[in-house]
Amino acid sequence: VILFHLNINFFQGGKIGIDIFFVLSGYLITTVILNKGNNFNINLFWINRARRIMPLLLFIILATIPFALYMMVPNALRNFAQSVFLTPLFLSNMLFWLESGYWDLPSQMKPLLHTWSIAIEGQFYILFPLIFLIKTRNKILLIIFLIWISSVMAAIFNNSQILIIQTDKFLSLADHFMPFGRWWELMTGSFAAFILQNKNSVKLKYHNLLSIIGLSLIFYSIFSFNNNHTLPGLLSLIPVLGTFLTIVYSNKRNFTYKFLNLKILDHVGKISY
């Protein structure tokens, strides 16, 4: 992701980092909820997520304001003010979706553009735990599956004619910024959490091979995808499947686990937020 944002041509596929991130997030949040069992408190969950995200998010917003006031022309400053208001509400992704495409020059000049992903995260944190108010495991899994299949279809048909017309532009509901084509990635991580909760369902016989396949699919996506590939979309299945396999089949005894725990990778991961 770092090399991608430095515009190094060889790492154009680094944009799949967001797909990987959403799978990991779905896995993490579902694991947190499942570990609480019957003691899961949705209000406490929301408070803990807010404590984790809001201080740094507000700091970033406040830090950009002086530079925006000094450097921006009035029209850009007006757009920036809108993003300042909507970012703490986890709605900045919808603002950026309405304004322009991710790769347009005006978008690249928006200081809070990167908050589109944390907006989707926030929407996920608010809505997803509501599913667990249903106490029946099978019903929970059914709802997660229905969300998964609906979101997959939205991502696959991202470039279809099922569009909304906005002035002189066509805006897809499964656009890069929107949650509808992303929720299946979060739900994939959620399925991984359910599988790992029941360790007997994970066959360890081929864990090394399957985790290496997962890691290989991720690397294949990084070095094969470029800015001409539309994500989310059908191609997103490759890095998402790779991440799923890596999560489910990595353990302390295999190569993938040891590789991902290299000091340099661990260090970058810890400071990445």
Side-chain angles (χ1 to χ4, degrees), residues 18-54 89-91 93-94 117-158 162 173-174 178-207 210-211 214 217 232-234 236-251:
I18 193 63
D19 303 275
I20 296 170
F21 167 70
F22 282 138
V23 178
L24 292 172
S25 181
Y27 164 70
L28 171 65
I29 296 305
T30 304
T31 299
V32 168
I33 295 173
L34 292 177
N35 286 344
K36 294 294 183 180
N38 293 329
N39 295 321
F40 174 63
N41 184 316
I42 193 170
N43 293 320
L44 185 60
F45 171 85
W46 284 332
I47 291 171
N48 288 336
R49 287 293 93 195
R51 287 174 175 170
R52 174 71 180 89
I53 292 175
M54 293 306 293
L89 301 177
F90 302 118
L91 293 173
N93 61 325
M94 296 189 180
S117 58
I118 205 67
I120 292 179
E121 275 291 292
Q123 293 155 17
F124 173 64
Y125 294 156
I126 293 168
L127 297 174
F128 181 70
L130 296 174
I131 299 172
F132 290 84
L133 296 179
I134 303 171
K135 299 300 183 180
T136 307
R137 180 188 176 94
N138 288 341
K139 290 182 179 179
I140 292 172
L141 285 170
L142 176 60
I143 293 172
I144 292 174
F145 174 75
L146 291 175
I147 294 172
W148 186 90
I149 195 68
S150 300
S151 181
V152 165
M153 296 303 292
I156 290 176
F157 291 104
N158 187 15
I162 307 175
L173 284 175
M178 296 297 280
F180 306 109
R182 296 288 186 182
W183 269 65
W184 71 278
E185 298 174 339
L186 292 154
M187 298 304 108
T188 299
S190 182
F191 283 131
F194 274 99
I195 290 171
L196 288 176
Q197 189 194 38
N198 181 14
K199 296 186 183 298
N200 293 329
S201 65
V202 181
K203 305 298 182 182
L204 296 179
K205 184 177 180 180
Y206 301 108
H207 66 87
L210 290 170
S211 64
L217 290 173
L234 189 60
S236 301
L237 290 168
I238 299 173
V240 169
L241 175 60
T243 307
F244 175 83
L245 292 174
T246 302
I247 293 172
V248 173
Y249 291 102
S250 294
N251 61 63

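Computed over heavy atoms, backbone and side chain alike; hydrogens, waters and symmetry mates excluded.
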Check your understanding: Any side-chain heavy atom of K36 within less than 4.5 Å of one from I33?
Key -> no
Point to revise | Pairwise distance CZ(F124) to CZ(R182) - rounded to 0.5 angstrom | key: 14.5 Å
Review point. Do the non-hydrogen side-chain atoms of S190 and W148 ever get within less than 4.5 Å of each other?
Key: no
Practice item. Quick one: pull up CZ in R51 and CG in L44 and give me the separation to the nearest 0.5 Å. Key: 7.5 Å
**Study point:** Minimum side-chain heavy-atom gap F128-L186 below 4.5 Å
**Key:** no
Check your understanding: Could you state the interatomic distance from CE (M178) to CD (Q123), rounded to the nearest 0.5 Å?
Key -> 8.0 Å
Exercise for review: Check whether any side-chain heavy atom of W183 sits under 4.5 Å from a side-chain heavy atom of S150, and report yes or no.
Suggested key: no
Point to revise | Minimal non-hydrogen separation, S211 against S250, with atom names | key: CB-OG, 3.9 Å
Revision key, fill the gap. When rounded to the nearest 0.5 Å, the distance separating CG of N138 from CZ of F145 is 14.0 Å
Review point. Does the side chain of F40 come within less than 4.5 Å of N35's, by heavy atoms?
Key: no
Under 3.5 Å, which donor-acceptor pairs link side chains of residues 240-247 to any protein atom two or more places apart or in another chain?
| from | atom 1 | to | atom 2 | distance (Å) |
| --- | --- | --- | --- | --- |
| T243 | OG1 | P239 | O | 2.7 |
| T246 | OG1 | L215 | N | 3.4 |
| T246 | OG1 | G242 | O | 2.7 |

Review point. Going from CG on L141 to CE on M187, what distance comes out if it is rounded to the nearest 0.5 angstrom?
Key: 11.5 Å
Study note, to complete from the structure: Rounding to 0.5 Å, atoms CD1 (I42) and CD1 (I47) come to a distance of 11.5 Å
Practice item. Report the C-alpha distance between W46 and N43 in whole Å, list the side-chain angles of each, state the deciding distance to 0.1 Å, and finish with yes or no for side chain to side chain contact (heavy atoms under 4.5 Å, CB included). Key: CA-CA 5 Å; W46 284 332; N43 293 320; 3.8 Å; yes
Check your understanding: For the residue pair P232 and G181, what are the closest heavy atoms and their distance?
Key -> CB-O, 3.4 Å
Point to revise | Close side-chain approach of Y125 and S25, heavy atoms under 4.5 Å | key: yes
**Study point:** Side chain to side chain, R49 and I126, heavy atoms closer than 4.5 Å
**Key:** no
Review point. Is there side-chain contact between F132 and L34, with heavy atoms separated by less than 4.5 Å?
Key: yes
Check your understanding: Residues two or more places apart in sequence or in another chain: which of them pass side chain to side chain contact (heavy atoms under 4.5 Å, CB included) with I143?
Key -> I131, I134, I147
Exercise for review: Quick one: do F191 and V248 satisfy side chain to side chain contact (heavy atoms under 4.5 Å, CB included)? Show the steps, please.
Suggested key: CA-CA 10 Å; F191 283 131; V248 173; over 6 Å; no
